[in-house]
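Below is one structure, written out as structure tokens; comments come after it.
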Amino acid sequence: MKDKRNGISQKLVLLIFAYFLLPVLSFSQCAMCRASLESSGDNAKVEAVNDGIVFLMAIPYLLVAGIGFVVYKMYYSKKKANQS
């Protein structure tokens, strides 16, 4: 018989990996920022703004992932305590 917990942990690891990979794959700016930066011709400034946007976007993802992990651990520790 297949262990359900092993299947859940594999799915969880895959989900966390995809979740943390998402901010890395999304190098984007709003159209107004892109147009104003590209008109100046300074590519270093454009890359710096892109990196800043990705950094600012990654922090909320990390916070939500941390809170989700704590809730997950609390839920399963209570479930284990109730089974004993």
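These figures come from a predicted structure and were not determined experimentally. Along the sequence shown, residues are numbered consecutively beginning with 1.
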Atom pair NZ/CD1 of Lys11 and Ile16 - distance to nearest 0.5 Å: 14.5 Å
If you round to the nearest 0.5 Å, how far is CG of Asp51 from CG of Leu56? 11.0 Å
Kindly write out the residues that satisfy side chain to side chain contact (heavy atoms under 4.5 Å, CB included) with Ala48, not counting sequence neighbours, or none if the list is empty. none
Check side chain to side chain contact (heavy atoms under 4.5 Å, CB included) between Leu15 and all other residues, then give those that pass, not counting sequence neighbours. none
Answer yes if Phe55 and Leu63 sit in the same cluster of Ile, Leu, Val, Met, Phe, Trp and Tyr residues linked by side chain heavy atoms under 4.5 Å apart, and no otherwise. yes
Would Leu12 end up clustered with Tyr75 when hydrophobic side chains under 4.5 Å apart are linked, directly or stepwise? yes
Residues clustered with Phe69, ILVMFWY side-chain links under 4.5 angstrom: none
